[in-house]
Amino acid sequence: MQVQSPIVRDTHEAWPSQGDILEVRRITRTGVEPKYYLLADEEPIQQLRVEFEVSGPPTAEFADREVKELEIETSPQEEVIFYYGRIGVKRGNILLLNPQLRERWGLDKYKDPKRGIQEGVIAGFIDPVISPLYDPSPWSGFWVLGTNVWPVLRGWNPHGHPVKVACIIYPIKFTALEVTRENYPELYEKLERRLVKTRTLYVHATKPVE
């Protein structure tokens with residue numbers, strides 16, 4: 001089975017931009033492994049409208065949709081391709097986000113992604129109140145780190161009749177350079193001493209919120 005690249009969220013309210021530094025903290029059984037990446041190039045991508053049908057109970061209350069239209073690229077060895085996106089949801093629709101192709105976050109038990117993230121809950125609940133179609137909230141933002149993987153949207157239809165779930169994804173593509181002691185010694189030293197502000201992402205395995 002191919003291991004999929006992680007799709008993660010952060011808690012920043014500002015859009016990322018060229019020149020930002022990501023601190024990617026991978027949580028493993030042995031501890032935390034931080035790596036630093038400089039967002040060296042930014043390429044806006046055309047907004048992507050996604051629409052799919054959810055039949056509703058008793059047939060199917062949920063339906064998954066792989067967003068392959070983003071066309072996540074394979075990265076050259078010397079650099080890394082990251083994607084950041086926000087999701088605006090059409091009025092009357094509710095989405096759940098899947099962090100990987102075979103997993104899902106599930107409903108946020110607080111019904112509030114901002115509070116859920118602040119309290120350490122993997123919040124995947126997005127509706128048009130939280131994130132309007134044409135003005136997506138930063139709390140709908142997600143990162144795709146790595147290659148050959150797509151976000152998976154899960155539409156939710158609690159009604160007894162079919163519903164077409166629609167949203168718009170606003171993506172940005174970044175070329176990132178890893179900052180190490182060898183290639184950027186001065187910057188790396190400042191990062192280790194916390195003299196430079198970073199945008200921190202946590203990557204770890206966690207059970208979905210039911």
Side-chain angles (χ1 to χ4, degrees), residues 5-20 22 39 41-56 60-73 81-101 104-118 121-145 149-159 161-176 199-201 209:
S5 302
I7 296 175
V8 297
R9 299 174 76 181
D10 64 24
T11 58
H12 288 70
E13 297 199 21
W15 287 86
S17 61
Q18 184 176 340
D20 286 355
L22 296 185
L39 299 182
D41 191 26
E42 175 182 339
E43 180 185 339
I45 301 175
Q46 185 175 1
Q47 300 170 6
L48 178 63
R49 187 178 183 93
V50 180
E51 186 174 277
F52 58 101
E53 186 172 289
V54 185
S55 59
E61 192 172 358
F62 302 98
D64 292 347
R65 170 73 150 75
E66 291 183 17
V67 189
K68 294 188 176 182
E69 297 91 336
L70 278 181
E71 298 181 353
I72 305 300
E73 295 184 10
I81 303 296
F82 289 166
Y83 285 79
Y84 176 81
R86 289 187 182 173
I87 301 175
V89 183
K90 185 179 178 181
R91 184 177 178 182
N93 294 165
I94 296 176
L95 286 173
L96 313 181
L97 272 175
N98 287 358
Q100 297 195 20
L101 296 181
R104 69 181 179 85
W105 282 339
L107 280 171
D108 174 17
K109 65 181 180 180
Y110 298 113
K111 309 299 184 195
D112 178 355
K114 185 170 182 177
R115 180 181 170 194
I117 292 173
Q118 288 171 337
V121 177
I122 306 300
F125 175 92
I126 303 176
D127 67 13
V129 176
I130 293 168
S131 193
L133 186 64
Y134 298 110
D135 185 23
S137 164
W139 297 102
S140 74
F142 63 93
W143 286 89
V144 179
L145 309 180
V149 66
W150 305 272
V152 177
L153 300 177
R154 169 162 289 191
W156 180 30
N157 177 13
H159 309 294
H161 54 83
V163 169
K164 276 201 171 180
V165 176
C167 66
I168 297 177
I169 298 179
Y170 299 79
I172 304 175
K173 172 186 170 183
F174 289 99
T175 301
R199 187 179 183 116
T200 305
L201 310 182
V209 177

How many angstroms lie between atom CH2 of Trp143 and atom CD1 of Ile172, to the nearest 0.5 angstrom? 8.0 Å

If you define the side chain from C-beta out and look only at heavy atoms, does anything of Ile81 sit under 4.5 Å from Thr175? yes

Any side-chain heavy atom of Asp64 sitting closer than 4.5 Å to one from Glu66? no

With rounding to the nearest 0.5 angstrom, report the CG to SG distance, Asp127 to Cys167. 12.5 Å

Side chain to side chain, Lys90 and Arg49, heavy atoms closer than 4.5 Å: yes

Nearest heavy-atom approach of Val54 to Glu61 is CG1-O, 3.5 Å

Looking only at non-hydrogen atoms, find the nearest pair between Tyr84 and Pro138 and report the distance. OH-O, 4.1 Å

Rounded to the nearest 0.5 Å, what's the gap from CG on Asn93 to CG on Leu153? Could you check? 11.0 Å

Considering all heavy atoms of both residues, which atom of Leu133 and which atom of Tyr170 are nearest to each other, and what is their separation? O-OH, 2.7 Å

Of all heavy-atom pairs linking Arg86 and Pro136, the shortest is CB-CB, 3.8 Å

Is any side-chain heavy atom of Leu22 closer than 4.5 Å to one of Phe174? no

Sidechain-backbone polar pair: Ser131 side chain, Ile87 backbone, donor-acceptor under 3.5 Å: yes

All heavy atoms of Ile94 vs all of Val165, minimum pair found to be O-CG1, 4.4 Å

On a heavy-atom basis, which atom in Glu42 and which in Pro16 lie closest, and how many Å separate them? OE1-O, 4.5 Å

When rounded to the nearest 0.5 angstrom, what distance separates CZ in Phe52 from CG in Leu95? 5.5 Å

